[in-house]
Amino acid sequence: MSLLDAKHSDHRSWIQVGDVYEITKKPRLFDLSPWEAIPFVPMADIPQGGTYAPDFTLKTPAQIRSGTYFERGDILVAKITPSFENGKQALASEVPVPFGFATTEVIPLRPRHKGQDRRLLFFYLLHPDVRHYVAERMEGTTGRQRVPPEVLLDLPFPEFAPEEQRAITDALEVIQDSIRAETRTTEATASLKRATMRELFTRGLRNETQKETEIGPMPESWDTYPLGDLCIESDTVDLRREGDREVEYVDVSSVSRKFLRVESTSQITLSSGPGRARKRIFAGDVIFATVRPTLLRTATVPDHLDDQVCSTAFCVLRRDRNSTAEKFIFYLVQREQFVQQLSSLETGASYPAVTDRIVKDQPVPVPTIDDQREIVAILDAIDRKIDLHRRKRAVLDDLFKALLHKLMTGEIRITELMIEQLDCND
């Protein structure tokens, strides 16, 4: 059942947001001159997905020429597309003075009277059904649509006693704290991976003397080869021979830029679907996007996509098993140096790109097979840790959404939960 359909049931009393919240207005004749520094919150500093506090910069009164006035503790809701749909909102409880200014593209909300736990509305506005309901009522031209303030104020809102509000938001906050912890761990591990790659591909594993090469320093015993020398030829699919075969199709948008993996596919027949020319892929191949804005997205083809197809916007790198360890090429093309090399070689005004030939002509550092295997083992261990925390975060996201929905609809009561059991950091 949709969250907003629940207002027709007898499980919960429903009011409107405007019954208990109002839009904060700047007082008439408000004087900024007594304040030396005033917090200003641009849209880029408003978080999304459940983080409370926005970042801000301190400005002098003379520097505040425009903006939306808000007061400490207000909920700042982004009103412009796609910021609203992406869940950009903040709870401005940690600003150093009693007020501030934000981008004009936010709506500041504050309780009309004491007893309202602001976190409840903050979490409620993150519910996908609520976002969808409000987004359908945005106004304006395509690409510049905005949420009218009255849409937020007229939004159906479940009614809870103050003590129940606090208990609900405490439970939801435990999950959000755990989500943030998993996010921080993922980001820290990703940073560790970047630093480890820099060390491994410049200093190696044996603390060898380094030598200078056309692609920077590397261990004395390593060589440089064009990337293509480590690969065997891949092939495009001949539609005249295989035109009606059903296959899984990997597009550039299917590959996660952040996690470097194939996240989704579509099923097509080779004689239909997006574009007629496609490339065959096998398990273990590395696919490397060559067209902006997806340039440099890369992934290893998983086992379940063996003998399928991908977009021609990928360069398919199929390792020569006699010269490279499994997954070594996957890590080679993630190197910052490799990314910089290709970025300087893009051509085309509308869709900057590099060709497969350019990708394969790039010189790369090549140690012995044994060293390759050790490097892969180290980086693979870090990737597994990143993936573990990514999956834990995904589970917590699902738990938050499910619990939020069930609490808001009255399907479960907060008294039925053991709050201490929700400590997801244990």
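Heads up: numbering here begins at 1 and tracks the sequence.
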Spatial distance of atom CD (Glu187) from atom NZ (Lys258) [nearest 0.5 Å]: 5.5 Å
Residues which pass side-chain contact (heavy atoms from CB on, under 4.5 Å) with Gln267, listed by chain and number, not counting sequence neighbours: Glu246, Glu248
Six-ring centre of Phe84, Lys79 cation under 6.0 angstrom, axis tolerance 45°: no
Parallel, tilted or perpendicular: ring planes of His405 versus His127, cut at 30 and 60 degrees: tilted
Face-on cation placement of Arg390 at Phe259 ring, 6.0 Å and 45° thresholds: yes
Short side-chain to backbone donor-acceptor contact, Asp306 and Asp303, under 3.5 Å: no
Cation-pi, Tyr249 ring and Arg278 (6.0 angstrom, 45 degrees): yes
Cation over ring face, Arg137 and Tyr133, 6.0 Å, 45°: yes
Flag, side chain of Gln372 to backbone of Ala325, donor-acceptor distance under 3.5 Å: yes
Under 3.5 Å: donor-acceptor pair, side chain of Asp154, backbone of Val151: no
Flag, side chain of Asp320 to backbone of Ile232, donor-acceptor distance under 3.5 Å: no
SB check Arg110 Asp74 (cutoff 4.0 Å): no
Residue pairs, two or more places apart or on separate chains, that pass side chain to side chain donor-acceptor pair (under 3.5 Å) and touch residues 44-56: Tyr52-Glu173
Passing candidate, side chain to side chain contact (heavy atoms under 4.5 Å, CB included) with Phe330, options Asp380, Thr300, Thr324, Val376: Thr300
Thr103 versus Phe40, closest heavy-atom pair with distance: N-CZ, 4.1 Å
Qualifying residues under side-chain contact (heavy atoms from CB on, under 4.5 Å), relative to Ser254, sequence neighbours excluded: Val250, Asp251, Ser264
